[in-house]
Amino acid sequence: NQNAMWGGRFAAGPDAIMEAINASIGFDKRLFAQDIAGSRAHAAMLAATGILSDKDVEAIREGLLTVLSEIETGKLAFSTALEDIHMNVEARLKEVIGEPAGRLHTARSRNDQVATDFRLWVRDQADAAIEGLTALQKALLAQAEARADWVMPGFTHLQTAQPVTWGHHMMAYVEMFGRDVTRFRDARARMNECPLGAAALAGTSFPIDRHMTAAALGFDRPMANSLDAVSDRDFALEFLATASITAMHLSRFAEELVIWSSAQFRFVALSDRFSTGSSIMPQKKNPDAAELIRAKIGRIMGANVALMMVMKGLPLAYSKDMQEDKEQVFDAADNLMLALAAMEGMVRDMTANRANLERAAASGFSTATDLADWLVRALGLPFRDAHHVTGSLVALAEKQGCDLPDLSLADMRSAHAGITEEVYTVLGVHNSVASRQSYGGTAPDQVRAQIARWKEALA
Ligand code: ARG
């Protein structure tokens with residue numbers, strides 16, 4: 001029972017424990033389509049360069065399509081003894097077409113094979129992430145457009161800071177997720193070089209055409225150094241790092257949705273479709289999707305750290321440690337896509353409560369900065385003095401248990417004799433947001449300009 005692929009120098013088969021720790025088919029079967037695409041490209045190149053006969057290669061490429069459809073329809077039972085997806089596919093090919101199957105591995109190693117398969121898989125995931133992010137951006141854009149000028153409190157330290165607009169807040173996330181898209185694009189561009197033909201590590205003595213296989217698999221070019229090609233997993237790490245940043249953004253927004261949907265805030269109502277109930281408390285409608293999205297950063301960033309630890313300290317070229325790359329990336333990618341889709345659904349469905357947003361926007365002395373700015377503009381006070389005068393008025397209002405606009409003009413003048421009736425015009429939340437006309441500011445005009453720019457970009 002020696003391994004048919006490498007058992008020549010072995011007298012005995014592996015211990016069951018050896019087989020258990022060694023086999024990766026349980027998870028790397030997910031690479032079957034990439035593996036077969038890589039093999040078909042390799043075989044076509046072997047024919048074009050005259051390394052194999054056209055007849056053999058025709059049999060190989062036909063046979064690979066048979067194996068592909070067998071896997072797709074669940075007809076092929078994978079074997080742990082055959083370790084991984086690469087040897088499972090090749091072994092089945094041998095059963096289907098016989099002798100020519102043994103020629104497929106000419107000028108190739110599992111080292112460049114797996115590096116190629118995995119790059120193809122991660123490349124697809126970068127595309128999927130970009131798609132998911134774009135869909136989420138569109139959902140946020142729709143939210144922003146529908147309620148661009150609704151006022152809400154803007155926070156720092158989660159304490160009332162200044163009024164902002166709902167559209168402004170939604171568009172802040174459109175910007176963040178937009179940068180995430182560019183990070184995935186950058187990562188994709190860097191990873192889009194083909195390791196195939198690096199063979200085990202040193203290249204091959206066969207007259208292969210690496211440019212041909214690279215082009216056939218949609219890569220921009222072959223990787224320039226065969227040792228590097230089979231050794232590095234930086235493309236997977238870059239995907240995970242980029243995914244971690246996206247997950248961090250998702251987590252922050254998820255946290256806001258948890259807070260906003262609480263009975264104490266009631267800024268938004270999440271739809272029934274994206275909430276759950278409690279088995280004991282009949283009144284409950286819990287934001288579980290938001291909570292789970294908030295948590296996903298844990299495993300995604302965890303995968304990034306785990307793979308970084310696997311890779312650090314590995315001498316060139318391939319080491320079996322690197323087989324540990326896949327589960328981390330699979331899990332992180334699955335959870336990222338799920339989180340993006342769930343967030344998109346939640347955002348599309350959620351309704352904002354205008355009255356609660358506006359009431360909250362006006363509370364907490366949110367227009368104190370507008371008062372200070374008015375003192376500078378109307379009375380020519382240095383900003384530091386204006387800040388101090390306004391602070392004393394906030395303290396006075398606090399003592400009287402009222403808001404700034406409720407203070408009498410006499411009270412106002414007790415803090416600074418120059419204050420006039422005009423001051424009341426700047427204390428409303430709508431005036432406040434409308435005055436923030438600086439580029440990128442919260443004024444509805446500025447927000448609508450942001451929305452227009454993104455609508456065009458996402459069209
Ligand atoms: N299953 C292996 C992996 O994922 C394939 C490469 C094996 N190469 C080797 N020389 N044993 O890394």
Side-chain angles (χ1 to χ4, degrees), residues 2-10 13-15 17-39 41-42 64 67 71 76 78-94 102 104-125 191 194-204 213 217 223 226-237 239-240 303 306-334:
Q2 294 114 294
N3 188 300
M5 306 287 170
W6 45 251
R9 55 112 66 229
F10 287 76
D15 189 272
I17 297 295
M18 179 63 217
E19 199 173 291
I21 195 173
N22 196 37
S24 55
I25 185 63
F27 48 87
D28 69 15
K29 59 187 174 201
R30 287 185 72 167
L31 299 176
F32 75 89
Q34 288 76 14
D35 192 67
I36 288 171
S39 287
H42 181 65
L64 284 168
V67 177
I71 297 174
L76 184 62
F78 292 119
S79 149
T80 313
L82 288 165
E83 292 184 27
D84 56 25
I85 186 63
H86 323 294
M87 299 210 294
N88 269 275
V89 168
E90 194 185 314
R92 179 61 192 146
L93 183 67
K94 182 88 188 287
L104 169 62
H105 214 51
T106 311
R108 187 177 75 170
S109 155
R110 269 189 296 159
N111 297 349
D112 59 336
Q113 192 177 356
V114 72
T116 304
D117 295 359
F118 200 33
R119 266 182 197 250
L120 288 171
W121 196 89
V122 176
R123 189 176 75 181
D124 283 350
Q125 296 302 306
M191 81 174 74
C194 189
L196 197 58
L201 74 167
T204 175
T213 43
L217 294 169
M223 289 183 77
S226 65
L227 286 170
D228 173 40
V230 294
S231 290
D232 210 350
R233 294 293 181 266
D234 60 348
F235 65 96
L237 286 166
F239 173 82
L240 291 173
L307 183 55
M308 195 69 92
M309 291 305 101
V310 166
M311 294 307 296
K312 75 171 278 295
L314 289 186
L316 304 191
Y318 178 86
S319 295
K320 197 62 174 259
D321 309 51
M322 287 154 70
Q323 181 166 283
E324 293 280 313
D325 57 0
K326 286 167 220 60
E327 285 164 291
Q328 300 297 342
V329 177
F330 290 163
D331 186 77
D334 289 346

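As the structure lists them, so they are numbered: ligands from 1, and atoms in each ligand from 1.
Between the CZ atom of R233 and the CZ atom of R119 there is a distance of 8.0 Å, given to the nearest 0.5 Å.
Between S24 and Q323, the side chains place a donor N or O and an acceptor N or O closer than 3.5 Å (distance only, hydrogens not considered). Side chain to side chain, H86 and D117 meet the donor-acceptor criterion of an N or O pair below 3.5 Å. Checked by atom type, the side-chain pair R108/S39 shows a donor-acceptor distance below 3.5 Å.
For atom 11 (N) of ligand 1, the closest non-hydrogen atom on the protein side is R110 NH2, 3.6 Å. Among all protein heavy atoms, the one lying closest to atom 7 (C) of ligand 1 is Y318 OH, 3.5 Å. The nearest heavy-atom contact from the protein to atom 2 (C) of ligand 1 is Q323 OE1, 3.2 Å.
The minimum heavy-atom distance linking M322 with S231 is given by the pair CE-O, 3.0 Å.
Under 4.0 Å from ligand 1, not a single heavy atom of Q113 appears.
Annotation: cation-pi pair R30/F330 present, NZ/CZ under 6.0 Å from the ring centroid and within 45° of its normal.
Ligand-side atoms of ligand 1 in range of S24: 1 (N), range being under 4.0 angstrom from any heavy atom. Proximity to K326 (heavy-atom distance under 4.0 Å) selects the following atoms of ligand 1: 3 (C), 4 (O), 12 (O).
For atom 9 (C) of ligand 1, the nearest non-hydrogen atom from the set D325, N111, D84 comes from N111.
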